[in-house]
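A short write-up of the structure that comes next.
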Amino acid sequence: MPKFIFRLILILSINFFMYFYVILKVASFFNVKNKVSLFILALIISVMIIPATVLIGKNNNILTQWFYKTAGILMGVFFLTFVCLVLSRILGIVLRVPVKNIEIAALGVASVLIIYSIENAKNITVETVKINDFGEKIKVVQISDLHLSSESSNGLSEIVKKINLLNPDIVLITGDMVSQDTPITEKTFQSFKNLSAKSYFVTGNHEHYIDSDKISEIIENSGVKVLRDEVDLFMGVQIAGLEYRSDRKMAMEALSGLELTGDNPALLMNHIPLDHGDERIRLTVSGHTHYGQIVPFNLLVRLTTKYIKGLYKLDNGYIYVSPGTGTWGPPMRLGSKNEITLYELR
């Protein structure tokens with residue numbers, strides 16, 4: 001069996017178990033005992049994201065957007081409820097409290113966390129990072145992983161206003177501007193034309209899932225320079241950008257082929273955090289991880305990468321991983337925040 005098929009079956013099985021467990025628990029409070037019907041309901045809801053993704057990819061309209069968004073919200077709702085129920089069961093056993101009583105309390109806690117997570121995802125914070133041994137005085141802003149939808153694309157203009165208020169010299173956009181429900185049109189990205197600073201973009205995995213060439217062309221037309229294994233010199237800094245690659249070896253080969261000099265400090269944009277060890281690079285900026293977006297997913301993300309969020313000191317420089325400026329899937333944030341990163345480099 002191919003690894004992809006095995007992983008897909010495993011993920012769908014775990015997802016179904018999570019949905020079925022929550023539905024069984026909630027149904028038990030209302031004395032609903034028809035497990036066959038509950039099984040079918042859990043099966044339908046647990047795989048809802050698949051037809052939602054396929055349909056919106058084929059026809060992006062109000063109905064498919066609603067279907068896709070609902071499936072995403074349900075993912076977050078069921079996940080948080082499942083975690084609360086499992087933890088409550090463990091707590092009930094340890095404290096010797098009647099399980100049903102503590103599970104009712106867990107549903108209340110889950111409801112509060114769900115509401116908080118949805119509201120928290122509507123906010124964007126500015127994180128300031130100061131590096132005094134970069135080699136050139138410059139102010140840089142990074143945004144990443146916006147995953148614009150038909151609704152959030154309207155909010156891009158507000159993000160651009162926030163960026164302009166920071167008065168940066170350069171704006172770096174490190175991939176995943178899109179999701180399956182993003183209208184791939186000039187209108188979606190037109191707010192980038194209002195950026196007051198020189199801006200650069202590199203692709204992420206979601207651009208490649210959809211149409212990286214078309215998206216890059218539209219973003220370039222909005223006034224943002226797209227770097228696809230290229231280097232641009234601006235204000236005494238070499239801005240290098242790598243095209244998205246999931247394979248580390250291929251990414252390293254592309255990096256080694258970049259024409260960087262030792263005359264100016266170099267800053268690398270790469271969507272996925274890359275432990276490259278390249279002495280030519282003083283600072284690498286990435287995204288992709290979302291810092292797990294919803295606790296305890298951040299613990300799972302730690303299993304896949306050593307760089308999950310924030311600034312890391314390397315032997316020859318630094319790497320910074322943005323938790324993202326937007327959300328993917330559930331429009332929810334718990335234990336993480338949407339971020340615009342401001343770098344004050346010297």
Side-chain angles (χ1 to χ4, degrees), residues 49 52-62 64-65 68-69 72 124 141-160 163 170-195 197-232 239-247 250-251 254 258 268-274 285-290 293 322 324-329 331 338-341:
I49 191 64
T53 301
V54 172
L55 287 172
I56 202 165
K58 291 182 176 296
N59 190 0
N60 194 331
N61 56 47
I62 294 175
T64 56
Q65 288 166 9
Y68 184 83
K69 184 175 182 179
I124 299 177
V141 161
Q142 178 196 7
I143 59 173
S144 189
D145 300 271
L146 266 170
H147 295 285
L148 294 170
S149 66
S150 56
E151 295 177 359
S152 63
S153 60
N154 296 325
L156 181 59
S157 61
E158 293 303 314
I159 293 173
V160 168
I163 292 172
I170 301 175
V171 177
L172 308 178
I173 308 168
T174 48
D176 277 9
M177 289 297 97
V178 301
S179 287
Q180 288 298 124
D181 58 336
T182 307
I184 310 302
T185 63
E186 299 277 350
K187 184 179 178 181
T188 299
F189 305 100
Q190 66 182 359
S191 293
F192 282 143
K193 293 180 179 179
N194 297 323
L195 284 169
K198 178 78 172 179
S199 53
Y200 297 91
F201 169 79
V202 292
T203 58
N205 48 302
H206 281 266
E207 279 79 33
H208 281 260
Y209 294 159
I210 300 171
D211 189 336
S212 61
D213 290 335
K214 182 179 179 180
I215 294 166
S216 294
E217 181 181 354
I218 292 174
I219 289 178
E220 188 103 50
N221 290 340
S222 69
V224 179
K225 185 172 180 60
V226 178
L227 297 177
R228 310 183 82 169
D229 302 335
E230 298 172 78
V231 180
D232 191 49
I239 309 296
L242 290 182
E243 181 80 0
Y244 168 77
R245 294 174 178 82
S246 59
D247 185 84
M250 293 177 65
L258 295 181
L268 175 66
M269 301 169 63
N270 190 54
H271 180 63
I272 294 181
L274 182 64
V285 295
S286 301
H288 186 63
T289 69
H290 288 249
Q293 195 166 307
S322 166
T325 315
T327 60
W328 177 80
N338 294 326
E339 176 182 301
I340 294 172
T341 314

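Residues: numbered from 1 along the sequence shown. Since this is a predicted model, take the numbers as computed values, not measurements.
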Nearest-0.5 Å distance that lies between atom CZ in Phe201 and atom OG in Ser144
9.5 Å
Test item: Asp229 side-chain N/O and Leu258 main-chain N/O as donor-acceptor pair under 3.5 Å:
no
Taking every non-hydrogen atom, the tightest pair across Ser322 and Gln142:
CB-NE2, 3.8 Å
Once you round to the nearest 0.5 Å, how far does CD of Glu207 lie from CD1 of Ile219?
6.0 Å
Less than 4.5 Å apart, side chain to side chain, heavy atoms only: is that true for Asp213 and Ser216?
no
Of the non-hydrogen atoms in Ala251 and Leu274, which two are nearest, and what is the gap between them?
CB-CD2, 4.3 Å
Going by ring-ring contact (aromatic ring centres under 6.0 Å, His included), name the residues that satisfy it together with His208, two or more places apart in sequence or in a different chain.
Tyr244
Please answer whether the main-chain N or O of Thr174 pairs with a side-chain N or O of His271 as donor and acceptor at a distance below 3.5 Å.
yes
Of the non-hydrogen atoms in Val178 and Ile184, which two are nearest, and what is the gap between them?
CG1-CD1, 4.0 Å
Short side-chain to backbone donor-acceptor contact, Gln293 and Trp328, under 3.5 Å
yes
Which pair of heavy atoms, one from Ser212 and one from Thr203, lies closest together, and at what distance?
CB-CG2, 4.4 Å
Test of understanding: with side chain to side chain contact (heavy atoms under 4.5 Å, CB included), list the residues that count as partners of Lys225, not counting sequence neighbours.
Lys198, Tyr200, Glu220, Leu227, Asp232
Heavy-atom pair with the smallest gap, counting every atom of Leu156 and Phe189:
CD2-CA, 4.2 Å
Can you label the angle between the Tyr209 ring and the His206 ring as parallel, tilted or perpendicular, going by 30° and 60°?
perpendicular
Name the one of Glu186, Lys193, Gln190 that satisfies side-chain contact (heavy atoms from CB on, under 4.5 Å) with Asn221?
Glu186
So His147 and Thr327, do their side chains get closer than 4.5 Å, heavy atoms only?
no
Check Thr341, Ile340, Asp145 against Thr325 for a side-chain contact (heavy atoms from CB on, under 4.5 Å) and give me the one that passes.
Ile340
Out of Leu268, Ile170, Val231, which one pairs with Ile239 under the side-chain contact (heavy atoms from CB on, under 4.5 Å) rule?
Ile170
Taken in chain and number order and not counting sequence neighbours, the residues that satisfy side chain to side chain contact (heavy atoms under 4.5 Å, CB included) with Pro273 are Ser286, His288, Thr289, Thr305, Tyr307, Ile319, Val321
dist Gln65:CD -> Leu55:CG (nearest 0.5 Å) comes out at 12.5 Å
Has the side chain of Thr64 got a donor or acceptor atom that lies under 3.5 Å from a matching backbone atom of Asn61?
yes
Give the C-alpha distance, both sets of side-chain angles, the deciding distance and a yes or no for side chain to side chain donor-acceptor pair (under 3.5 Å) between Thr188 and Thr185.
CA-CA 6 Å; Thr188 299; Thr185 63; 3.2 Å; yes
Check Ile163, Val160, Ile124 against Ile143 for a side-chain contact (heavy atoms from CB on, under 4.5 Å) and give me the one that passes.
Ile163
Tightest non-hydrogen contact, residues Ile173 and Met269, listed as O-CE, 3.5 Å
Between Val202 and Glu243, does a side-chain contact (heavy atoms from CB on, under 4.5 Å) hold up when you go through it step by step?
CA-CA 6 Å; Val202 292; Glu243 181 80 0; over 6 Å; no
With rounding to the nearest 0.5 angstrom, report the CG to CD1 distance, Leu146 to Ile159.
4.5 Å
